[in-house]
> 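Input: one structure, supplied below.
Ligands are counted one by one from 1 in listed order, and the atoms in each one are counted from 1 as well.
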Amino acid sequence: MDRKDILLNKQRIVIKVGTSTITYEETGNINLEKLEKFVRILINLRNKGKEVIVVSSGAVGVGKNALGMDRRPQTESEKQACAAVGQGKLMMIYEKLFNEYGQLTAQVLLTKESVTNAKCRKNAKQTFDELFKMQVVPIVNENDAISVDELSYGNFGDNDTLAAYVSRLVDADLLILMSDIDGLYTDDPRKNPNARFIHTVGKIGRSLENMAKGASSDCGTGGMATKIKAAKIATAAGADMIIANGNNIYSINDVMNGKKVGTLFLSEQHQKEMSEEVAPKRAEFRRQAKREKKV
Ligand code: GLU
């Protein structure tokens with residue numbers, strides 16, 4: 001089983017884009033050219049008959065800029081207000097771009113309760129199912145204006161985790177997290193030139209989690225640790241997950257075509273199939289080593 005076998009026939013795909021993927025680092029303004037390319041890629045996937053869900057960050061950043069703030073919001077209430085201003089603006093731009101191709105979109109804002117409370121989860125799932133039937137592209141974000149840590153229903157805190165929960169909710173078969181780095185390295189490649197790139201991850205063990213703790217990725221909320229957390233949720237729920245570099249938005253196409261880009265986290269099912277595939281080869285290797293020892 002290679003990447004192509006795993007990725008070519010994906011049907012229901014959740015794609016998460018972080019603030020760093022859709023805005024300019026220097027100004028925090030939306031990178032319209034890139035967003036337009038992203039929307040075209042999504043519509044093309046729709047044209048191929050795939051179902052896509054976008055999990056998009058950017059509400060806080062867009063709101064901050066619209067309000068003329070030259071720093072990140074400091075307090076919870078400032079962040080909430082920025083998100084409330086920015087979310088509408090962000091959706092307006094998405095709507096405009098999707099509209100050019102006659103593709104309907106829907107805004108779905110979730111709180112942590114939407115996935116932890118059984119009744120809310122059922123309602124959210126029902127909405128997504130109906131939107132799929134209606135061939136609408138849902139654009140999801142956390143409802144930052146009302147979800148704060150202090151409230152009893154808590155918050156996701158980052159959109160990597162949110163995207164993983166959305167994948168689980170809709171039984172997606174692939175989750176793509178667009179990051180500002182190529183994928184997972186053994187160490188931070190910006191600090192350690194000997195850091196090695198990891199192409200495929202099977203079972204997520206303690207050592208991998210510890211490794212990710214040190215490595216930062218996005219300039220947004222999610223670092224590598226949140227991506228590993230997301231991978232654990234998504235892969236346990238049956239989805240494969242890829243971290244790919246959002247600096248090249250076309251890497252989404254490469255991922256879908258089974259090219260060796262990004263880090264692939266195998267779903268539990270694929271982990272099992274992979275280990276069954278390699279088990280006889282390992283056994284043969286051990287037998288061969290024993291025979292050579294005897295000679
Ligand atoms: N929900 C936040 C926003 O839209 C971003 C959270 C994240 O990027 O992880 O601005």
> Output yes when the distance from some N or O of ligand 1 to some N or O of G58 is under 3.5 Å, and no in every other case.
yes
> Is it possible for you to say whether F132 and V108 belong to one hydrophobic cluster, with membership spreading through side-chain heavy-atom contacts below 4.5 Å?
yes
> Could you state the interatomic distance from OG1 (T226) to CG (D158), rounded to the nearest 0.5 Å?
4.5 Å
> Check for a donor-acceptor pair, side chain of Q11 on one end and backbone N or O of G49 on the other, with a separation under 3.5 Å.
yes
> Between the side chain of Q74 and the main-chain N/O of R72, is any donor-acceptor distance below 3.5 Å?
yes
> Do any nitrogen or oxygen atoms of D158 lie less than 3.5 angstrom from nitrogen or oxygen atoms of ligand 1?
no
> For ligand 1, which is the ligand I care about here, please tell me if E142 has any N or O atom under 3.5 Å from one of the ligand's N or O atoms.
no
> If you measure every N or O of S57 against every N or O of ligand 1, does any of those distances drop under 3.5 Å?
yes
> With rounding to the nearest 0.5 Å, note down the distance linking CG in N141 to NZ in K16.
10.0 Å
> Quick one: which ligand 1 atoms are inside 4.0 Å of a heavy atom on N141?
1 (N), 3 (C), 4 (O)
> Short N/O distance, under 3.5 Å, between D144 and ligand 1?
yes
